[in-house]
Amino acid sequence: MADYETVVGLEVHMQINTKSKVFCECSTQFGAEPNSNTCVICTSQPGAIPILNKKAVEAVVKTGLALNFTINKQCTFARKQYFYPDVPKNYQITQSEPPLCSRGKLAITVSGKEKIINITRIHLEEDAGKLVHEIGSKKLDYSLLDLNRAGVGLMELVTEPEITSQHEALEFLKELKSIVEYLGTSKCSMEEGKMRCDVNVSIRPVGQKELGTRVEIKNMNSISGVRNAIAYEIERQKEVLNSGGKLTQETRLWEAEEGITKSMRSKEGALDYRYFPEPDLVPFNLPDSFIEELQKQVLELPRARKARFVKDYGLSECDADYLTSTRMIADYYEEAFNAFKR
Ligand code: ADP
Ligand code: ZN
Ligand code: MG
């Protein structure tokens with residue numbers, strides 16, 4: 001039987017940590033009374049004009065700088081058309097070419113070995129609202145619409161297909177979450193849906209150059225779920241190929257309770273979203289001083305801090321890893337250490 005290798009690419013959506021939405025002044029507060037954080041802009045009333053939140057641009061650029069991205073000074077927005085029951089205007093304001101950030105990278109460590117994962121892009125876009133199909137455990141025979149989340153700023157990060165196992169995917173997401181939490185640009189809490197991930201998985205015979213047929217698992221909301229879904233998909237795809245079957249490009253859903261993926265729809269080629277420049281948001285250039293100022297705000301990141309904890313405090317790799325996993329714990333440790341020394 002052929003030996004296969006795994007190829008994974010991730011698309012990660014992170015809610016940007018700003019007080020107000022990306023194109024209006026409504027609050028982004030989580031858990032507010034349904035439809036209370038809305039206005040003419042984020043409920044898509046005819047003729048309402050979006051106004052860009054500078055803080056959201058800052059957050060995306062700052063995240064890009066921390067991940068070694070090239071920042072594209074030209075800031076442009078596009079309309080991505082499709083029918084969203086939870087976005088009344090039936091298109092999403094997003095970025096096509098160029099995104100705010102191109103070609104970044106992130107270092108991960110798996111089994112003691114460091115590996116660089118290249119990241120294609122990070123762009124800024126708006127989130128959709130939420131359809132509610134049940135209240136508590138009661139299933140409704142109608143759907144409710146909550147637009148509190150519509151128009152909340154998102155950064156979408158897309159990796160190159162360079163991740164080669166579920167373990168690397170797990171480390172990538174942990175490291176990304178930790179960096180973004182250090183920066184404060186997103187809260188990244190997967191429980192509150194502030195970080196969501198689409199996972200693309202394929203396998204190919206070892207030595208083959210071309211990528212295999214990929215499956216996309218949509219809307220994963222836990223890191224361990226991502227790991228388990230990839231592990232399951234690898235085995236499922238191997239079984240199909242080894243029994244002489246063919247894989248189809250499709251979108252699948254992770255059923256966490258059963259521990260399996262299920263087919264949702266086939267994905268023949270790319271959907272045509274008919275992107276066109278957003279006429280209500282004119283392109284503009286980010287000043288050099290804007291980017292330089294944000295660069296100054298990117299301070300010591302988790303990896304560097306971990307190395308310093310090992311060196312300065314004589315900690316084991318494992319302890320330093322834990323103590324630097326969030327900025328709060330790391331600050332607490334350092335303050336306690338310094339207080340004890342005195
Ligand atoms: P789409 O927008 O249709 O989802 P993209 O070409 O933007 O498609 O790719 C999305 C993600 O899928 C990227 O992270 C990319 O690295 C990954 N990807 C593309 N082809 C493959 C493949 N054959 N196997 C695994 N991942 C892939
Ligand atoms: Zn609004
Ligand atoms: Mg995709």
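- In summary, the side chains of R303 and T109 do present a donor paired with an acceptor at a separation below 3.5 Å, with no hydrogens or angles considered.
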side-chain hydrogen bond (donor to acceptor under 3.5 Å, both in side chains) evaluation trace for S186 with Q15
CA-CA 6 Å; S186 168; Q15 236 180 51; over 6 Å; no
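- H123 pairs in a side-chain contact (heavy atoms from CB on, under 4.5 Å) with only one of the listed residues (C101, S102, P99, S96), which is P99.
- Centroid-to-centroid, the aromatic rings of Y82 and Y273 come within less than 6.0 Å.
- Salt-bridge formation is detected for the pair E334/R305: a Lys NZ or Arg NE/NH1/NH2 atom is positioned less than 4.0 Å from an Asp or Glu carboxylate oxygen.
- When only modelled atom types and interatomic distance are considered, E11 and H13 share no side-chain donor-acceptor pair under 3.5 Å.
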Run the side-chain contact (heavy atoms from CB on, under 4.5 Å) check on Y84 and Q92 step by step: do they pass?
CA-CA 9 Å; Y84 285 72; Q92 177 191 32; 3.3 Å; yes
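- Side-chain contact annotation: Q45 with T43, donor-acceptor N/O pair under 3.5 Å present.
- Panel note: side chain E216, backbone N200; no donor-acceptor pair is recorded below 3.5 Å.
- Taking the charged nitrogens against the carboxylate oxygens, E210 and R204 have no contact shorter than 4.0 Å, which rules out a salt bridge.
- A 6.0 Å sphere centred on CD1 of I51 holds no more than 12 heavy atoms belonging to other residues, nucleotides or ligands.
- Between the N53 side chain and the K21 main chain, a donor and an acceptor come within less than 3.5 Å of each other.
- Partner of E126 under the salt bridge (charged side-chain N to carboxylate O under 4.0 Å, His left out) criterion, chosen from K89, R149, R79: K89.
- Here the side chain of N35 pairs a donor or acceptor atom with the backbone of L147 at under 3.5 angstrom.
- Taking the side chain as every heavy atom from C-beta outward, T185 and E58 never approach each other to under 4.5 Å.
- Within a 6.0 Å radius of CD in Q297, more than 12 heavy atoms belonging to other residues, nucleotides or ligands are found.
- Side chain of K130 to backbone of N148: no donor-acceptor contact under 3.5 angstrom is found.
- S263 and E250 share a side-chain donor-acceptor pair at under 3.5 Å.
- Side-chain polar atoms of N118 and E162 form a donor-acceptor pair below 3.5 angstrom.
- Heavy-atom neighbours of K238 NZ from other residues, nucleotides or ligands within 6.0 Å: above the threshold of 12.
- Put simply, the side chain of R121 never gets that close to the backbone of V158: no donor and acceptor are under 3.5 Å apart.
- The ring of Y313 has its center closer than 6.0 angstrom to the ring center of Y333.
- Salt bridge E293/K62: absent, no basic N to carboxylate O contact under 4.0 Å.
- Side-chain atoms of T28 come within 3.5 Å of backbone N or O of T18 as a donor-acceptor pair.
- Side-chain N or O atoms of T159 include one that pairs as donor or acceptor with a backbone N or O of L10 at under 3.5 Å.
- Counting non-hydrogen atoms of other residues, nucleotides and ligands closer than 6.0 Å to CZ of F284 gives a total above 12.
- One side chain, T261 or E233, offers a donor N or O that lies under 3.5 Å from an acceptor on the other.
- Residue K115 places its NZ atom among more than 12 non-hydrogen atoms of other residues, nucleotides or ligands, all under 6.0 Å distant.
- A ring-centre distance under 6.0 Å is found for F23 and F77.
- For the pair R196 (side chain) and M220 (backbone), a donor-acceptor distance under 3.5 Å is absent.
- Between the side chains of T164 and T6, no donor N or O sits under 3.5 Å from an acceptor N or O.
- By the neighbour-count criterion of 12 heavy atoms within 6.0 Å, atom CD of E239 is sparsely surrounded, having that number or fewer from other residues, nucleotides or ligands.
- Here S222 contributes atom OG and W254 contributes atom CH2; the two are 9.0 Å apart, rounded to the nearest 0.5 Å.
- Although no hydrogens or angles enter the test, the distance criterion places no donor-acceptor pair under 3.5 Å between the side chain of S178 and the main chain of K174.
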